[in-house]
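For reference, the structure discussed in these notes is given below.
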Amino acid sequence: MSELKSHVAKLFRNHGNSKQVRELRDEILMNLEAKKEDLIQQGYGEKEAIEQAVRSIQNVDGLIEHNRLVDQGKYRLECFQWLLIYLSV
């Protein structure tokens with residue numbers, strides 16, 4: 001498995017295998033591969049191009065519609081904000 005494919009697999013490991021997730025995963029992988037090739041064309045070495053491509057995307061949670069993890073995070077943030085408001089009054 002290529003480094004980019006491995007990175008994308010890690011990004012999506014907690015997001016199931018729905019059609020939406022598969023399509024987004026494939027699109028991100030294609031974009032990272034294109035980014036790597038563009039960087040190589042600009043004179044970067046393959047290893048450095050891969051590292052920069054990997055650094056360009058570290059999290060996909062916000063990209064997945066109705067993502068349970070995102071919804072839970074928003075809920076926790078809202079609860080925390082209400083707690084802070086309550087404690088400051």
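Computed from a predicted structure; not experimentally measured.
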According to the salt bridge (charged side-chain N to carboxylate O under 4.0 Å, His left out) rule, which pairs have a member within [range], sequence neighbours left out?
range          : value
residues 48-58 : none
residues 7-31  : K19-E23
residues 31-46 : K36-E46

Linking Ile, Leu, Val, Met, Phe, Trp and Tyr through side-chain heavy atoms less than 4.5 Å apart, which residues share a cluster with I40? none

Give me the other members of the hydrophobic cluster that Y44 sits in, counting Ile, Leu, Val, Met, Phe, Trp and Tyr linked by side-chain heavy atoms under 4.5 Å, directly or via other members. L39

Can you list the steps and then say if V60 with H15 is a side-chain contact (heavy atoms from CB on, under 4.5 Å)? CA-CA 9 Å; V60 296; H15 297 292; 4.0 Å; yes

Exercise: identify the closest heavy-atom pair between L32 and H7: CD1-CD2, 4.2 Å

How many angstroms lie between CG in L29 and CG in L11, if you round to the nearest 0.5 Å? 10.5 Å

Does atom CD of E3 have more than 12 heavy-atom neighbours, drawn from other residues, nucleotides or ligands, at distances under 6.0 Å? no

Give the C-alpha distance, both sets of side-chain angles, the deciding distance and a yes or no for side-chain contact (heavy atoms from CB on, under 4.5 Å) between F12 and L24. CA-CA 9 Å; F12 285 89; L24 184 59; 3.9 Å; yes

